[in-house]
Trainee: 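If you scroll down you'll find the structure; I have some questions about it.
Numbers here are sequence positions counted from 1.
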Amino acid sequence: MKPIEIFISYSHSKLDEKLMQKLENHLSNLQHQGIIQTWHTQKITAGSERAKQIDLHLESAGIILLLISSDFLASGYRYSVELARAMQRHEAREACIIPVILRPVDWQDSPFSKLQVLPTNRLPITKWVDQDDGFLNVVEGIRRAIALPPYDIEAIVQEVREKISGDIQRRCGTMRVLDMEQPITIDSIYTTVNILEKVSSYQRSSVENLLDGCDLTNFDRLSLGRVRQERIPGVEAVQRHDKLLILGKPGAGKTTFLKWLALQCKEGNLYRHRVPMFVTLKEFAEASGQPTLLKFLAQQLENCGIHTALDTIERLLQSGRGFVFLDGLDEVRVEDSDRILDTIRRTSEQFDGNQFVMTCRIAAKEYTFAAFTEVEIADFNKEQIADFTNKWFLPNDPTKAEEFPKELEKHPGLQELATNPLLLTLLCLVFEEQAGFPANRSELYKEGVDVLLKKWDAKRNIKREQIYKQLSLQRKEDLLSQVASTTFVRSEYFFKQKFVEEEIRDYIRNLPNASNDPEALQLDSEAVLKSIEAQHGFLVERARGIYSFSHLTFQEYFTARQFKEKSEGNFDDLVCHIPEKRWREIFILTVGMLKNADKLLQAMKEEIDLIPAQEKKLQEFLAWVEQQSYSVDAPYQLAAIRAFYFALALALALARDLARDLDLALALVRNLDRTLDRALVLARTLAHGRDLARDLAFDPELQQKLQKLKNQLPSIDNWESYKYWWKTNRQAWTEQLRTVMVQFRNIGQDWQFTQVQEELLLQYYDANKLLVDCLNSDCYVSREVRDNIETTLLLPYDRTRQSSEP
């Protein structure tokens with residue numbers, strides 16, 4: 001057998017020359033056995049043309065050793081000529097390049113950085129306690145490369161890919177979560193994953209910065225959890241980093257992404273020169289005999305009919321042909337954790353040239369893999385939600401595919417939940433079964449809470465460590481309710497870690513057998529917080545030491561739950577928040593949770609009636625609204641007709657006020673076109689969905705003229721343009737509106753409301769709309785209370801205790 005020629009490329013610095021000579025001494029046994037022969041520039045004979053000699057041996061070598069150091073990388077000839085040609089021959093599978101790290105240097109992202117380097121632990125030769133041990137490691141690596149020439153490994157890769165194809169398809173090709181009746185293929189439902197290259201919880205920020213741009217009085221709820229860094233496609237992150245640790249909240253889609261990657265590799269769409277190896281870490285950790293990762297992977301190959309599996313897996317990994325997927329590090333039991341972490345670390349270091357991708361829940365990671373780049377899987381955005389739901393509904397029910405986004409748009413709280421793939425799946429299942437979302441949203445949110453609190457782990461047979469033995473699932477809900485209500489009442493959407501730990505400490509100190517030692521309680525509170533964050537995902541660390549609920553929806557749900565549990569029939573602490581728009585969802589959720597909502601609804605009605613009670617002019621306005629309603633002969637409740645007159649008269653009053661002094665009413669102008677749009681919503685709601693405005697118009701001309709006026713209004717999205725339009729057109733527009741109202745509905749009075757009175761009327765209107773929405777939320781309320789509330793809506797204060805009669 002002809003010896004394999006080894007070309008040694010090195011810098012001519014004195015340090016590197018000495019190290020090269022030591023390496024050649026260690027290779028002498030292979031030379032004596034006739035297995036190899038080495039060549040380097042010191043062997044150029046006198047009188048020979050140097051460049052031609054180098055080119056000749058560079059072309060004939062079967063193995064090319066690159067002795068890496070700062071001097072090597074700084075050498076123009078070595079880097080631009082020898083390395084460039086060596087890489088060409090390696091990629092053509094004519095030779096095998098083996099980089100050997102001599103001295104510490106930054107060689108990441110170099111042309112050879114994706115190759116399997118020696119020593120196997122990446123420790124430079126000069127950093128070994130005994131350099132002979134380092135050189136021995138290199139020689140052993142060269143022996144393995146000689147035993148497996150490039151053309152042989154190519155045949156092995158193709159053979160293994162073919163034999164494991166069915167196993168990868170079986171384990172990664174389908175998903176079945178929650179209450180799915182049957183599995184669905186991942187390819188049919190997979191939605192492109194986005195990655196945040198900076199993990200949110202690692203960032204240093206302040207509560208003020210996190211709230212930047214949020215108007216807490218009238219805010220876009222989706223903006224609270226908005227991430228302000230660029231997202232990149234998940235595949236791009238995998239291609240950038242050969243060792244990737246993907247962190248994410250429960251249900252964020254980590255496993256689905258990993259399975260999809262394995263399928264893409266199997267199909268040859270991604271890294272077709274590598275072998276996909278998928279490991280469920282819980283299964284690996286609990287495998288009989290506590291095998292190493294290498295032996296566990298070999299067992300997988302053996303199950304696929306591959307003989308000498310251990311030798312095959314070693315050859316594949318030594319050649320850098322593995323694409324190793326490690327799923328669910330957070331699902332490993334505590335007693336197995338150290339062993340699993342150690343074998344992952346050792347394997348990834350030993351077989352450095354392979355691709356490793358691992359997943360873990362974001363708060364469960366309390367260790368560092370030095371070689372792994374940590375990234376975070378991003379929540380779904382609107383485009384991803386639309387893509388997912390289209391794939392879910394379109395094949396079997398195109399109608400639902402069209403209706404789902406429209407219904408979702410109506411419910412901001414559900415839109416928030418839909419950013420989590422697991423909860424989006426729940427929403428799709430519910431919508432599929434009920435052809436819509438339930439009117440009682442508290443029941444749907446409760447199901448979402450149950451999914452994260454117990455069902456998600458239970459469905460996958462995962463038992464998490466119970467950090468605090470007395471903290472049952474019920475008590476976790478009680479604790480979350482306490483944290484939610486305390487922070488929500490204080491208008492706090494982001495809060496310090498210290499505050500949450502104090503809340504936990506105050507709660508657990510009252511549990512049976514709790515420690516009284518302050519230090520022990522502090523340690524327990526820290527552990528409980530991390531446990532709730534990692535296991536259930538209700539609380540998330542938005543920046544270092546700053547927490548929030550993962551979705552405002554959950555903060556609202558648990559706040560409502562607290563009021564329901566603690567009220568004992570007295571809702572004074574709740575109804576005092578009726579004028580605050582941000583409390584709207586709390587009221588709707590609370591009435592939905594109560595076995596009987598009579599007392600809360602009556603308390604709300606009494607509080608609402610007090611809003612305009614002290615303003616004489618407002619009472620006169622309500623009396624006028626009542627009288628106008630008697631003039632209409634229509635098959636509706638008088639309350640619905642009152643709502644019609646109330647809304648249109650208020651819209652006209654606002655418009656005329658703006659025509660007098662635009663700057664004075666800046667706070668109200670934003671409500672003007674919104675009021676025209678929603679003016680009849682309350683009336684329509686009370687009329688059980690029928691278009692009362694159309695029926696009351698008597699003449700379709702009224703409806704046409706109102707629509708024409710509304711169409712003249714510019715978009716409020718451009719505030720400067722909106723102001724300019726009003727300055728130019730306000731007087732003519734409001735006069736047209738007044739003329740139409742007088743002509744068709746005798747609404748022409750100039751009430752001359754003050755700004756305070758206008759604000760009270762808007763507040764009163766919104767509060768009544770909230771009350772009606774609560775009545776229609778599928779809550780349990782007695783017929784007597786419902787009738788009494790509906791017949792006394794929008795009446796003067798002295799009439800609210802009477803039925804509405806002319």
Trainee: Quick one: are L301 and T312 in side-chain contact, heavy atoms under 4.5 Å?
Mentor: yes
Trainee: Please give me the minimum heavy-atom distance between W128 and L123, naming the atom from each residue.
Mentor: NE1-O, 2.9 Å
Trainee: Checking the side chain of N137 only, and the main-chain atoms of L118 only, is there a donor and an acceptor separated by less than 3.5 Å?
Mentor: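 Such a contact is absent between N137 side chain and L118 backbone.
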Trainee: Would you say the side-chain atoms of S550 pair up with the backbone N or O of L539, donor to acceptor, closer than 3.5 Å?
Mentor: no
Trainee: Where do D327 and T280 land on the side chain to side chain donor-acceptor pair (under 3.5 Å) test, with the steps shown first?
Mentor: CA-CA 5 Å; D327 185 42; T280 301; 5.1 Å; no
Trainee: Decide if atom CZ of R345 counts as having more than 12 heavy atoms of other residues, nucleotides or ligands within a radius under 6.0 Å.
Mentor: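 Above 12, so yes.
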Trainee: Any non-hydrogen side-chain atom of D16 less than 4.5 Å from a side-chain atom of M20?
Mentor: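 Not in contact.
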Trainee: Indicate yes or no for a side-chain donor-acceptor contact from R361 to the backbone of Q535 under 3.5 Å, with no hydrogens or angles considered.
Mentor: yes
Trainee: NZ of K391: more than 12 outside heavy atoms within 6.0 angstrom?
Mentor: yes
Trainee: Looking at side-chain heavy atoms only, is the closest gap between V100 and V117 below 4.5 Å?
Mentor: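 They are not in side-chain contact.
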Trainee: Have E17 and H12 got a donor and an acceptor in their side chains that come within less than 3.5 Å?
Mentor: no
Trainee: Would L196 and E230 satisfy side chain to side chain contact (heavy atoms under 4.5 Å, CB included), going step by step from the backbone distance to the final call?
Mentor: CA-CA 7 Å; L196 306 175; E230 182 183 358; over 6 Å; no
Trainee: Do the side chain of S69 and the main chain of F72 share a donor and acceptor less than 3.5 angstrom apart?
Mentor: yes
Trainee: Check K282 with D336, please: is the shortest side-chain N to carboxylate O separation under 4.0 Å?
Mentor: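 No salt bridge links D336 with K282.
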Trainee: Taking all non-hydrogen atoms of both residues into account, name the closest pair between P291 and F284 and its distance.
Mentor: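 Closest pair (atom of P291, atom of F284, distance): O-CE1, 3.3 Å.
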Trainee: How about Q299 and N303: does a side-chain donor come under 3.5 Å of a side-chain acceptor?
Mentor: yes
Trainee: Please report the interatomic distance CD(E335) to OG(S337), rounded to the nearest 0.5 Å.
Mentor: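 The CD atom of E335 sits 9.5 Å away from the OG atom of S337.
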Trainee: So F257 and W260, would you call those rings parallel, tilted or perpendicular, with 30° and 60° as cut-offs?
Mentor: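 It falls in the parallel class, under 30°.
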Trainee: If you apply the rule side chain to side chain contact (heavy atoms under 4.5 Å, CB included), what do you find for D342 with R346, and how did you get there?
Mentor: CA-CA 6 Å; D342 183 63; R346 286 175 179 273; 3.0 Å; yes
Trainee: For I97 and M87: C-alpha separation, side-chain torsions, deciding distance, then whether side chain to side chain contact (heavy atoms under 4.5 Å, CB included) applies.
Mentor: CA-CA 7 Å; I97 290 182; M87 290 300 298; 3.5 Å; yes
Trainee: Hey, what do you get for CG (N194) to CD (E383), rounding to the nearest 0.5 Å?
Mentor: 9.5 Å
Trainee: Kindly give the heavy-atom pair with the smallest separation between P421 and G253, and that separation in Å.
Mentor: CG-N, 4.2 Å
Trainee: Rounded to the nearest 0.5 Å, how far does SG of C265 lie from CZ of F325?
Mentor: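 Spacing of CZ (F325) from SG (C265) equals 5.5 Å.
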Trainee: How close do P119 and G134 get, heavy atom to heavy atom, and via which atoms?
Mentor: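 Scanning both residues completely, I find the closest heavy atoms to be CG-O, 4.2 Å.
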Trainee: Decide if atom NZ of K43 counts as having more than 12 heavy atoms of other residues, nucleotides or ligands within a radius under 6.0 Å.
Mentor: yes
Trainee: Under 4.0 Å between a side-chain nitrogen and a carboxylate oxygen: does that hold for E94 and R89?
Mentor: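 Judged by the 4.0 Å cut-off on N to carboxylate O distance, E94 and R89 do form a salt bridge.
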Trainee: Could you tell me whether the side chain of I98 reaches within less than 4.5 Å of the side chain of C96, counting heavy atoms only?
Mentor: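 With C-beta onward as the side chain, the pair touches.
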Trainee: Under a 3.5 Å threshold, yes or no: a donor from one side chain and an acceptor from the other, between Q88 and R85?
Mentor: yes
Trainee: Quick one: does Y202's side chain get under 4.5 Å of L247's, heavy atoms only?
Mentor: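 Side chain of Y202 against side chain of L247, heavy atoms only: contact under 4.5 Å found.
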Trainee: Please step through side chain to side chain contact (heavy atoms under 4.5 Å, CB included) for the pair E533 and Y547, ending with a clear verdict.
Mentor: CA-CA 10 Å; E533 181 185 5; Y547 278 78; 3.0 Å; yes
Trainee: So, for D167 and C304, which heavy atoms are closest and what is the spacing to 0.1 Å?
Mentor: CB-SG, 3.6 Å
Trainee: For F112 and W107, take the angle between the two ring planes, folded into 0 to 90°, and tell me which bin it lands in: parallel under 30, tilted 30 to 60, perpendicular over 60.
Mentor: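 Because their plane-to-plane angle is under 30°, the rings of F112 and W107 count as parallel.
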Trainee: What distance do E82 atom CD and D55 atom CG have between them, rounded to the nearest 0.5 Å?
Mentor: 9.0 Å
Trainee: Kindly say whether L293 contributes a backbone atom to a donor-acceptor pair with the side chain of T343 at under 3.5 angstrom?
Mentor: yes
Trainee: Where the side chain of R542 meets the backbone of S200, is there a donor-acceptor pair that is under 3.5 Å apart?
Mentor: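 The answer is no, because no donor-acceptor pair under 3.5 Å joins these two groups.
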Trainee: Do side-chain atoms of R339 reach the backbone of T292 as a donor and acceptor pair under 3.5 angstrom?
Mentor: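 Checked: no pair found.
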Trainee: Less than 4.5 Å apart, side chain to side chain, heavy atoms only: is that true for I125 and V138?
Mentor: yes
Trainee: So do V199 and V375 actually touch side chain to side chain, heavy atoms under 4.5 Å?
Mentor: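 No, side chains not in contact.
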Trainee: Give a yes or no answer on whether the side chain of S319 reaches the backbone of R315 with a donor-acceptor pair at less than 3.5 Å.
Mentor: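 Side chain of S319 to backbone of R315, a donor-acceptor pair under 3.5 Å: yes, one is there.
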Trainee: Residues in side chain to side chain donor-acceptor pair (under 3.5 Å) with E236, at least two apart?
Mentor: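 For E236 the side chain to side chain donor-acceptor pair (under 3.5 Å) partners, ignoring immediate neighbours, are R240.
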Trainee: Return the CD1 to CD distance between I546 and Q497, rounded to the nearest 0.5 Å.
Mentor: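 It comes to 10.0 Å.
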Trainee: Looking at G251 and N420, what are the two nearest heavy atoms and their distance?
Mentor: O-OD1, 3.1 Å
Trainee: Show the atom names and distances, to 0.1 Å, of all donor-acceptor pairs under 3.5 Å that link a side chain in residues 349-358 to residues at least two apart or in another chain.
Mentor:
residue	atom	partner	partner atom	Å
D352	OD1	R122	NE	2.1
D352	OD1	R122	NH1	3.4
D352	OD1	R122	NH2	2.3
D352	OD1	K243	NZ	2.9
D352	OD2	R122	NE	2.2
D352	OD2	R122	NH2	2.3
N354	OD1	R321	N	3.1
N354	OD1	G322	N	2.7
N354	ND2	L317	O	2.8
N354	ND2	F351	O	3.0
Q355	OE1	R274	NH1	3.0
Q355	NE2	V238	O	2.7
Q355	NE2	H241	O	2.9

Trainee: If you define the side chain from C-beta out and look only at heavy atoms, does anything of L329 sit under 4.5 Å from I344?
Mentor: yes
Trainee: Looking at K18, I'd like to know if its NZ atom is crowded, meaning that more than 12 non-hydrogen atoms belonging to other residues, nucleotides or ligands lie closer than 6.0 Å.
Mentor: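 Check fails, neighbour count at 12 or below.
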Trainee: Does the side chain of D71 pick up a donor-acceptor pair with the side chain of S13 at under 3.5 Å?
Mentor: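 Their side chains do contain a donor-acceptor pair, which is all the 3.5 Å distance test asks for.
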Trainee: Could you check Q31, H26, Q33 and say which one makes a side-chain hydrogen bond (donor to acceptor under 3.5 Å, both in side chains) with N29?
Mentor: Q33
Trainee: Quick one: pull up NZ in K254 and CD1 in I362 and give me the separation to the nearest 0.5 Å.
Mentor: 9.0 Å
Trainee: Name the orientation class of the two ring planes belonging to Y10 and H40 (parallel below 30°, tilted from 30 to 60°, perpendicular beyond 60°).
Mentor: perpendicular
Trainee: Any side-chain donor-acceptor pair under 3.5 Å between T38 and E24?
Mentor: yes
Trainee: State whether the number of non-hydrogen atoms from other residues, nucleotides or ligands found under 6.0 Å of R272 atom CZ is greater than 12.
Mentor: no
Trainee: Output yes when a side-chain donor or acceptor of Q384 lies under 3.5 Å from a complementary backbone atom of N381, and no otherwise.
Mentor: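 Yes: the side chain of Q384 pairs with the backbone of N381.
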Trainee: Establish, from distance only, whether the side-chain atoms of Y271 and Q264 form a donor-acceptor pair under 3.5 Å.
Mentor: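 The criterion, which ignores hydrogens and geometry beyond distance, is not satisfied for Q264 and Y271.
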